[in-house]
Amino acid sequence: MQFAKVAALEEAFLKREIDKTVSPQDHMFNTGPDWYFSVGVDAIRVIFRALAMSSLGDVRRILDLPCGHGRVARHLRAAFPRAAITFADIETDGVDFCTQQFGGTGIYSRPDLATVELGTGFDLIWIGSLFTHVDRSRAEAWLCHLSRLLSPRGILIATIHGNWSKEVQRSHGAMIGEVEWAEILAGYEATGWGYARYPGPDDYGVSLCRASTVIEMASRAQATRILSYNERGWAGNHDVLMIENRDRMEKF
Ligand SMILES: C[S@@+](CC[C@H](N)C(=O)[O-])C[C@H]1O[C@@H](n2cnc3c(N)ncnc32)[C@H](O)[C@@H]1O
């Protein structure tokens, strides 16, 4: 997308009012309003950067997965007021809240989201803090699956726990218990993708990834191109992987 077009989108976004209604079920709001809203806005800055690098002409269809209770959804709606947005999450009340509050289509996900009918032809797929909670095999399978749901030249943006997350765990409030963290670090050192489950029945927890491992994983997504890997690209916290639906082996 041309810089001028991205700049016009940003200018319009900054003038629009953000719907600040927060769901009482929104556990992401536990961090307080300042962090909550600034992280949401910064997702849009990330998206604008990706658009500027991409060859996409327009953003008409968006998938916000996982939408949670709308930490980013409210800003997506303000940035792309006419876009058709699909909100998907395993937490059904979050999906219902986003759909009703910000306008769009809701889809209830399942633990294996590759089996969920999410639709196709998305110009933008925003994956805010999902790969941060699963092991490498699921992240890779989901990345490949979701990249096939993009429109031609569509972009996919996924956030990752990179190097900085070690410091977050150490001094900004532990994401997971010490025993699990040791398991994550061991996996990280051995394979570049550490993961351990939260206590409980679900296969859901915290991951920690080496940038080179994420790049290697993204290189295996067929018929796509890596746009960038940005350390601490989202709110100075998560790393950000951006890919586009354009064959890396396309002829000149
Ligand atoms: C850390 S929260 C992030 C939510 C939102 N993206 C945000 O930034 O506020 C992770 C979310 O992933 C959702 N989730 C976990 N497994 C999922 C799956 N298989 N399909 C869809 N959503 C899932 C959880 O319900 C939760 O809302």
Side-chain angles (χ1 to χ4, degrees), residues 18-47 62-77 79 85-99 101-102 104-119 122 124-146 149 156-161 165 168-169 172-176 195 197-198 200-208 233-241:
I18 304 299
D19 183 339
K20 293 205 166 157
T21 314
V22 175
S23 161
Q25 273 85 44
D26 192 345
H27 42 89
M28 302 310 289
F29 196 68
N30 296 346
T31 52
D34 291 351
W35 178 251
Y36 181 89
F37 289 115
S38 67
V39 165
V41 174
D42 203 60
I44 305 304
R45 290 196 199 102
V46 171
I47 291 165
I62 300 173
L63 173 62
D64 179 7
L65 165 85
C67 60
H69 290 78
R71 185 166 59 150
V72 173
R74 63 196 71 241
H75 304 282
L76 280 172
R77 179 45 79 210
I85 309 185
T86 297
F87 300 110
D89 201 290
I90 214 158
E91 287 186 19
T92 54
D93 55 340
V95 173
D96 293 344
F97 178 79
C98 288
T99 310
Q101 198 67 36
F102 310 120
T105 304
I107 293 181
Y108 300 154
S109 186
R110 289 189 292 273
D112 183 2
L113 70 82
T115 63
V116 181
E117 195 50 63
L118 294 162
F122 295 107
L124 165 65
I125 301 182
W126 167 256
I127 309 170
S129 201
L130 180 64
F131 296 170
T132 45
H133 295 285
V134 297
D135 54 35
R136 179 180 171 161
S137 64
R138 265 178 294 171
E140 183 160 348
W142 293 354
L143 180 72
C144 290
H145 174 67
L146 293 168
L149 308 184
L156 178 153
I157 305 173
T159 77
I160 305 285
H161 282 150
S165 297
V168 172
Q169 172 74 16
H172 293 266
M175 298 179 282
I176 199 162
Y195 168 75
R197 293 156 77 134
Y198 292 124
D202 300 330
D203 192 358
Y204 188 69
V206 171
S207 64
L208 178 70
W234 186 24
N237 187 15
H238 289 187
D239 288 5
V240 179
L241 170 72

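Counting convention: from 1, in listed order, for ligands and their atoms alike. These numbers come from the heavy atoms of this one structure, side chains and all, not from hydrogens, waters or symmetry mates. Everything quoted here is computed from the prediction, not taken from an experiment. In this chain, numbering begins with 1 at the start of the sequence shown.
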_Could you work out, for atom 12 (O) of ligand 1, the closest of P66, G40, C67 by heavy-atom distance?_
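Among P66, G40, C67, the closest heavy atom to atom 12 (O) of ligand 1 comes from P66.
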Evaluate the side-chain proximity of [Y] to [X]: yes if any heavy-atom separation is below 4.5 Å, no if none is.
X	Y	answer
V46	W126	yes
D96	Y108	yes
L63	I107	no
Y195	D203	yes
F122	L65	no

Please check: side-chain N/O of [X] versus main-chain N/O of [Y], any donor-acceptor pairing under 3.5 Å?
X	Y	result
H133	G205	yes
R110	A114	no
T159	S129	yes

*Which of the ligand 1 atoms, numbered from 1, are nearer than 4.0 Å to a heavy atom of R110*: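 Checking each atom against R110, I get 18 (C), 19 (N), 20 (N).
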_Show me which atoms of ligand 1 lie under 4.0 Å from any heavy atom of L130._
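By the 4.0 Å cutoff, the relevant atoms are 12 (O), 14 (N), 15 (C), 16 (N), 17 (C), 23 (C).
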*Nearest protein heavy atom with distance in Å, relative to atom 3 (C) of ligand 1*: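 The closest one turns out to be G128 O, 3.7 Å.
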*How close does the nearest protein non-hydrogen atom get to atom 9 (O) of ligand 1, and which residue and atom is it?*
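That would be R71 NE, 3.0 Å.
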Under a heavy-atom criterion of less than 4.0 Å, does [X] contact ligand 1?
X	answer
P111	yes
W234	yes
Y204	yes
H133	yes

Is there any N or O on [X] that sits under 3.5 Å from an N or O of ligand 1?
X	result
S109	yes
M28	no
D89	yes

